[in-house]
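To keep things clear, I will list the structure first and then write my remarks on it.
The chain is numbered in sequence order, starting from 1. These numbers were taken from a predicted model, which means no experiment stands behind them.
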Amino acid sequence: VAACRDTGYDWFEQLLQNLLKSEEDASYKPVKKACTQLVDNLVEHILKYEESLSDSDNKGVNSGRLVACITTLFLFSKIRPQLMVKHAMTMQPYLTTKCSTQNDFMVICNVAKILELVVPLMEHPSETFLATIEEDLMKLIIKYGMTVVQHCVSCLGAVVNKVTQNYKFVWACFNRYYGALSKLKNQHQEDPNSTILTANKPALLRSLFTVGALCRHFDFDQEDFKGNSKVNIKDKVLELLMYFTKHSDEEVQTKAIIGLGFAFIQHPSLMFEQEVKTLYNSILSDKNCSVNLKIQVLKNLQTYLQEEDTRMQQADRDWKKVAKQEDLKEMGDISSGMSSSIMQLYLKQVLEAFFHTQSSVRHFALNVIALTLNQGLIHPVQCVPYLIAMGTDPEPSMRNKADQQLVEIDKKYAGFIHMKAVAGMKMSYQVQQAINTCPQDPVRGFRHDESSSALCSHLYSMIRGNRQHRRAFLISLLNLFDDTAKTEVNMLLYIADNLACFPYQTQEEPLFIMHHIDITLSVSGSNLLQSFKESMVKDKKKERKPSSDEETDSDSNSGSGSESEEEASKPRRLRKRVDSDSDSDEENDINAVMKCLPENSAPLIEFANVSQGILLLLMLKQHLKNLCGFSDSKIQKYSPSESAKVYDKAINRKTGVHFHPKQTLDFLRSDMANSEITEEVKRSIVKQYLDFKLLMEHLDPDEEEEDGEVSASTNARNKAITSLLGGGSPKNNAAETEDDESDGEDRGGGTSGVRRR
């Protein structure tokens, strides 16, 4: 227990629970006997330890050893409180420990937690013993900080509500703090800048917290407390605490919100109040609101749900005891209906908190959602995209938690994950944008570690098992690259990254993607060229005398663009000797198109923008081809309608093949979409256009090409691809032909143009 101080004791509680449960119905109970001996000996040990201390000089120093002893006793009490009943009298004096170190506080809190569980089980405890406990707890509540106050009020709740019914004692304490708050509120209303308030700030903070803590454990609207007064205490407390949530000091606001959270555990219906809804939702959804307040609201919801859960489990245990006599299971339903309605109110804002830069905010939001789903308070489908997004969080613990929730949902509701997969991918991009600390760097879709795995790889591995779902998912992602989809370039880069790094297992998966990339390219590519041509200035004759070689017959290029553009495309199309294509020809083409550019450079930018999607697809195809070692003809022969068995072979992945779409990265980093258009930029876009044009003309490899011979068309296509993908880019991106593993098909055709280049 001492060793696990920081990691938590769930394992120990689970162990005790399982061991004791296994022998519940047995006549011989060795575990129970062992537990009794352990507990008795630990108590013995504590007493001996005390004696040794009183003999030595270092009086009042609580060692880590003592803390571990008392913590262990608390864990035994938590699982089987009966074990500690006979030792309650021995534990009580530890409430008067002098507090100076962290360890002393740990002792007090754990003793309070033990007494809370054990005192209600004692038969006929003595009056003086109970009175002493009440006095001790009250002193601690008045004197020490938040953690001590919380545990002591909780212990007092158990003692007073279940054993002594000494309500006057608690009522006096409540009135003391409630009165102080009212007074401070009146002073603040009269003069918000008064110096008295500054001096009284510690008292204000303590009162806010303590009033809330008392309201959590005592229902002051019962007659036992307020007598026959008609005042509605819970509304009065709500009004007071709400007043201080609007205070200018953030520390005061936070304490007021903590107090509210406590009060809502006793009276959850207060969360339906309009002012509370407004407060919570505005804090959660306001981008500029302080992180501390956001976290506190999420913590409040988390504590409420945890309490509800404990309450439900208790109700369940009580029910099992009387289930034999009763017929209907009416227990716990009312409160679960309440918590379900409450979570419906705040769900959207809690989910939106996933998009926060601070990981602590995301952490608590995820906790709240996990509790809500585990208790079945909402329909899970609305959370799926958010959970997919959280599965890309940089912190492993959060990723695993989100992934675990998805697995649970998938077990219960088949098809939900697939239904929301694309929405989830888009949302994960938003999460990554929020987390991205350096806005100049484009958001990427893979982990920057040695695995280079896709951020959404868990999502893909959940979908890939079902061929129909997998294909639908991949097609939806590829459709985002379509020129009509108007997806922003960085999101396309993010999705391309994921598609490049998904954990594909069979050849069918990447082949299917490449097949669809070809289809998208042929449609989007032609649209893109068409719109670029249409934007060119049709008729420049008025501005300059056409030189003789430009007077070609316009009809031959039915209304495509101006003559010089026609000229630009003509020489290339007529050239048969692709290899010795001289640079001067290329220059002429570029100059010819440059002359026809319109004054307004918007269409140019539009072209550069839209073409990024197509470039990314080209890169992606090239990357998958290199990664899996496919030849051109293998890709060409693939047909999606063929039986699954043909392409069921496992993929033979190459190592060290990285997806690095240089052009798109440069485009995003230079913020070309919003920057000034210089001549140089214009030239590069025009060159891109011409390469594109060439590529589109040779998109389909010639059917009749024979093995070993490289047709002019394939050569041209590969040359255009290399040029488009940034010429001398790293070898991962240029097409690669060495070492083709797919049955040695079509060695020559593939990409030899690139090698020559």
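- Residues Phe364 and His356 place their aromatic rings such that the two centres sit no closer than 6.0 Å.
- Using a 3.5 Å distance cut-off with no hydrogens or angles, the side chains of Gln358 and Lys294 do not pair a donor with an acceptor.
- With hydrogens and angles disregarded, a donor-acceptor distance shorter than 3.5 Å links the side chain of Gln375 to the backbone of Leu305.
- Take Glu352 and apply the salt bridge (charged side-chain N to carboxylate O under 4.0 Å, His left out) test, not counting sequence neighbours, and it matches Lys348.
- At least one donor-acceptor pair closer than 3.5 Å links the side chain of Gln432 to the backbone N or O of Thr392.
- Here the straight-line distance linking atom CZ of Phe630 with atom CG of Asn652 works out to 10.0 Å at 0.5 Å rounding.
- Take Arg399 and apply the salt bridge (charged side-chain N to carboxylate O under 4.0 Å, His left out) test, not counting sequence neighbours, and it matches no residue.
- Among residues two or more places apart in sequence or in another chain, the salt bridge (charged side-chain N to carboxylate O under 4.0 Å, His left out) test is passed with Lys412 by none.
- Residues Leu499 and Tyr504 are in side-chain contact: their nearest non-hydrogen atoms beyond the backbone lie under 4.5 Å apart.
- Rounding to the nearest 0.5 Å gives a distance of 5.5 Å between CD1 of Ile495 and CG of Leu477.
- For the pair Asn374 and Glu408, the minimum side-chain heavy-atom distance is 4.5 Å or more.
- At least one donor-acceptor pair under 3.5 Å links the side chain of Asn626 to the backbone N or O of Gln622.
- In this model, no donor atom of one side chain and acceptor atom of the other lie less than 3.5 Å apart for Glu534 and Ser531.
- Gln612 and Thr664 share a donor-acceptor pair across their side chains, judged by distance under 3.5 Å alone.
- Remark: side-chain polar atoms of Asp449 are paired, donor with acceptor, to backbone N or O of Ser452 under 3.5 angstrom.
- Between the side chain of Asp393 and the backbone N or O of Met398, no donor-acceptor pair lies under 3.5 Å.
- Judged by distance alone, the side chain of Glu509 and the main-chain N or O of Thr506 form a donor-acceptor pair under 3.5 Å.
- Residues Gln507 and Lys634 share a closest heavy-atom pair of OE1-NZ, 2.9 Å.
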- [ ] Test ring-ring contact (aromatic ring centres under 6.0 Å, His included) on His658 and Phe446 and set out the steps.
- [x] CA-CA 11 Å; His658 297 296; Phe446 56 82; 8.0 Å; no

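- Asp482 places no side-chain N or O within 3.5 Å of a backbone atom of Thr520 that could act as its donor or acceptor partner.
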Open item on the list: Evaluate Val489 against Phe667 for side-chain contact (heavy atoms from CB on, under 4.5 Å), listing each step before the verdict.
Closed with: CA-CA 9 Å; Val489 176; Phe667 175 83; 3.8 Å; yes

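- Ring planes of Phe532 and Phe607: tilted class, angle from 30 to 60°.
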Task: Audit row: Ile388, Met427, side-chain contact (heavy atoms from CB on, under 4.5 Å) steps and yes/no - done: CA-CA 8 Å; Ile388 292 172; Met427 236 175 231; over 6 Å; no

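- With hydrogens and angles disregarded, no donor-acceptor distance shorter than 3.5 Å links the side chain of Ser524 to the backbone of Leu521.
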Open item on the list: I'd like to know whether Lys533 forms a side-chain contact (heavy atoms from CB on, under 4.5 Å) with Tyr689, so could you lay out the CA-CA distance, the side-chain angles of the two residues, the decisive distance to 0.1 Å, and finally the verdict.
Closed with: CA-CA 10 Å; Lys533 280 180 190 169; Tyr689 162 71; 3.4 Å; yes

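- Annotation for Ala421 and Leu459: closest pair O-CD2, 3.9 Å, computed over non-hydrogen atoms.
- For Leu347 against Cys383, the heavy-atom pair with the smallest separation is CD1-SG, 4.5 Å.
- Between the side chain of Arg362 and the backbone N or O of Thr357, at least one donor-acceptor pair lies under 3.5 Å.
- Considering every non-hydrogen atom in both Ala496 and Leu616, the closest pair reads CB-CD2, 4.2 Å.
- In this structure a side-chain-to-backbone donor-acceptor pair under 3.5 Å is present from Asn436 to Asp441.
- Annotation: side chain of Leu615 is not in contact with side chain of Pro661 (no heavy-atom distance under 4.5 Å).
- To the nearest 0.5 Å, the span separating CE on Met619 from CD1 on Ile517 amounts to 11.0 Å.
- Annotation: side chain of Pro510 is in contact with side chain of Ile651 (closest heavy-atom distance under 4.5 Å).
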- [ ] Would you please test Leu480 and Met425 for side-chain contact (heavy atoms from CB on, under 4.5 Å) and show each step?
- [x] CA-CA 11 Å; Leu480 295 172; Met425 284 278 288; over 6 Å; no

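- Residue pairs meeting the ring-ring contact (aromatic ring centres under 6.0 Å, His included) criterion with at least one partner in residues 473-497, sequence neighbours excluded, are Tyr429-Tyr494.
- Annotation: ring-ring contact (aromatic ring centres under 6.0 Å, His included) contacts of His363 (sequence neighbours excluded): none.
- Side-chain contact between Asp632 and Lys625 is present, with at least one heavy-atom pair separated by less than 4.5 Å.
- Here the CD1-CE distance, from Ile635 to Met514, works out to 3.0 Å after rounding to the nearest 0.5 Å.
- A search for salt bridge (charged side-chain N to carboxylate O under 4.0 Å, His left out) contacts involving Glu395 returns nothing, not counting sequence neighbours.
- Counting heavy atoms from C-beta on, the side chains of His418 and Asn466 never come closer than 4.5 Å.
- We find the NE2-CD1 distance between His469 and Ile463 to be 8.5 Å, quoted to the nearest 0.5 Å.
- The shortest non-hydrogen separation linking Ala500 to Leu627 is O-CD2, 4.2 Å.
- Taking 4.5 Å as the limit, some side-chain heavy atom of Tyr460 sits within range of a side-chain heavy atom of Leu474.
- Of all the heavy atoms in Arg467 and Pro640, the pair that sits closest is NH2-O, 3.3 Å.
- With contacts defined as side-chain heavy-atom distances shorter than 4.5 Å, the pair Leu478/Ile475 does not qualify.
- Below 30°, between 30° and 60°, or above 60°: for Phe512 and His516 the angle between ring planes is between 30° and 60°, a tilted geometry.
- Rounded to the nearest 0.5 angstrom, Gln433 CD and Glu488 CD are separated by 5.5 Å.
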